[in-house]
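Contents: one structure, followed by commentary.
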2 protein chains.
Amino acid sequence: MGTPLSRDPIAEAQRNWEEQGWGDLAAPMAAITAIMRTQQILLARIESTLKPFGLTFARYELLALLNFARKGALPMNKASALLQVHPTSVTNAVDRLERAGLVARSPHPTDGRTTLIELTAKGRTAAKNAATALNTEVFRAPGFSPGDVKDLIRILGEFRRNAGDFEE
Amino acid sequence: MGTPLSRDPIAEAQRNWEEQGWGDLAAPMAAITAIMRTQQILLARIESTLKPFGLTFARYELLALLNFARKGALPMNKASALLQVHPTSVTNAVDRLERAGLVARSPHPTDGRTTLIELTAKGRTAAKNAATALNTEVFRAPGFSPGDVKDLIRILGEFRRNAGDFEE
DNA sequence: GCCTAAACGTTGCATGTCCTAGTATATTCA
DNA sequence: TGAATATACTAGGACATGCAACGTTTAGGC
């Protein structure tokens with residue numbers, strides 16, 4: 001997206017914020033901005049790894065979720081809850097995965113409102129291959145030291161719990 | 001988007017990964033997934049704070065950048081580089097901000113290729129008001145302890161530098 | 001049993017992001 | 001000087017996300 005900047009734009013913004021008189025809020029602002037940017041970088045790496053498989057991150061996440069489900073099938077609303085995305089996003093992903101022959105929709109046996117999503121054989125293979133690619137190309141050299149990984153899991157885990165993602 | 005889950009879905013995925021035989025990659029996977037989810041939560045908070053101002057995060061970022069620029073004006077490509085987004089994203093944001101009367105395009109005095117984006121008086125007011133709202137509603141209680149904020153800034157700063165965002 | 005309220009999935013709309021291609025202008029170099 | 005190359009911005013398309021509204025189906029209160 002461009003050549004490296006000579007200085008960290010987020011650190012610069014933090015200094016600006018402090019000069020503006022928002023001293024104690026400059027650090028949280030910088031941390032949050034850094035999270036946004038880091039997500040952007042990681043997403044780009046993931047998408048580029050998945051591209052050869054004809055998958056996007058959203059679709060891969062759904063495949064991976066189904067792959068771990070005991071029966072390889074889940075109701076739409078369950079997938080929405082576990083992936084923490086809007087139901088319309090799941091509808092969108094399932095539409096495309098179904099068109100690619102990786103998942104199939106089927107009616108729920110007892111509840112007429114819900115739709116089950118099921119992995120096809122082709123979908124299961126794609127899920128495994130994509131997972132292997134992500135492991136070797138992204139997670140093996142994540143750009144964080146093992147100690148930092150541990151810190152991130154703790155810090156972000158607490159954040160997500162406080163934000164109401166889960167209880168424990 | 002739903003009620004809290006009984007268990008942390010990311011911790012669960014990490015356990016699944018370990019059972020699958022990807023032991024040492026499970027932690028980086030969990031950390032990266034947690035960053036994705038944290039970004040999603042923070043973005044939702046920010047968007048909801050900016051909504052009353054008729055702004056999105058992308059447009060706010062551009063306003064804030066212009067507000068800190070010495071002359072309140074920047075070339076498009078400079079904005080693209082500093083915000084680390086694709087040039088077409090800047091075009092999109094400027095289109096909408098211009099329609100709302102918050103910024104104005106003007107030709108570069110010497111280089112006929114480049115377009116300058118300039119903050120209008122209305123735009124400067126909007127930038128200040130939106131910044132105040134973000135400070136009080138998001139950054140004042142970010143959901144991270146001061147110590148964790150410090151760790152995040154360091155960890156993510158190193159990551160971004162290694163990823164080629166900036167040199168130093 | 002019936003009728004209202006709630007849940008589920010889908011569609012339409014708005015937004016943002018990136019990619020590819022195209023047009024216009026600058027710069028480089030033979 | 002003139003052609004080839006590089007740069008800046010824009011147009012159109014693919015994709016993901018969320019909100020609001022809708023039709024269908026189920027559940028609860030009377």
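Just so we're on the same page: letters track the sequence lines, and every chain starts at 1. All of these numbers come straight from a predicted model, not from anything done at the bench.
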**Message:** Taking side chain to side chain donor-acceptor pair (under 3.5 Å) as the cut-off, I'd like each qualifying pair that reaches into residues 116-128 of chain A, sequence neighbours left out, listed once.
**Reply:** Asn67(A)-Arg124(A)

**Prompt:** Looking for any heavy atom pair under 4.0 Å, which part of the strands does Ser48(A) touch: base, sugar-phosphate only, or nothing?
**Reply:** nothing

**Message:** From C-beta outward on Asp111(A), which listed nucleotide comes closest to its side chain: dT26(D), dT17(C), dT17(D)?
**Reply:** dT26(D)

**Prompt:** Counting just side-chain N and O atoms, does Arg59(B) come under 4.0 Å of either OP1 or OP2 of dG16(C)?
**Reply:** yes

**Message:** Holding to salt bridge (charged side-chain N to carboxylate O under 4.0 Å, His left out), I want the full list of residues that pass it with Arg154(B), two or more places apart in sequence or in another chain.
**Reply:** Asp148(A), Glu158(B)

Could you go over nucleotides 9-11 of chain D and give all protein N or O partners under 3.5 Å, atom names and distances?
residue : atom : partner   : partner atom : Å
dC9(D)  : OP1  : Met76(B)  : N            : 3.3
dC9(D)  : OP1  : Thr115(B) : N            : 2.8
dC9(D)  : OP1  : Thr115(B) : O            : 3.2
dC9(D)  : OP2  : Asn77(B)  : N            : 2.7
dT10(D) : OP1  : Arg105(B) : NE           : 2.9
dT10(D) : OP1  : Arg105(B) : NH2          : 3.1
dT10(D) : OP2  : Thr91(B)  : OG1          : 3.0
dT10(D) : OP2  : Arg105(B) : NH2          : 3.3

**Prompt:** In residues 61-72 of chain B, what residues come within less than 4.0 Å of DNA chain D, judged by heavy atoms?
**Reply:** none

**Message:** Checking Asn162(A) now: which residues fulfil side chain to side chain donor-acceptor pair (under 3.5 Å) with it, not counting sequence neighbours?
**Reply:** none

**Fill in**
Residue set satisfying side-chain contact (heavy atoms from CB on, under 4.5 Å) with Asp111(A), at least two apart, ordered chain then number -> His108(A), Arg113(A), Thr114(A)

**Prompt:** Got a sec, which residues hit side chain to side chain donor-acceptor pair (under 3.5 Å) with Arg7(A), two or more places apart in sequence or on another chain?
**Reply:** Glu12(A)

**Message:** The criterion is side chain to side chain donor-acceptor pair (under 3.5 Å); which residues satisfy it with Asn77(B), sequence neighbours excluded?
**Reply:** none

**Any residue meeting side chain to side chain donor-acceptor pair (under 3.5 Å) with Gln20(A), in chain and number order, not counting sequence neighbours** = none

**Message:** Please confirm whether the shortest side-chain N or O distance from Ser89(A) to OP1 or OP2 of dA16(D) is below 4.0 Å.
**Reply:** no

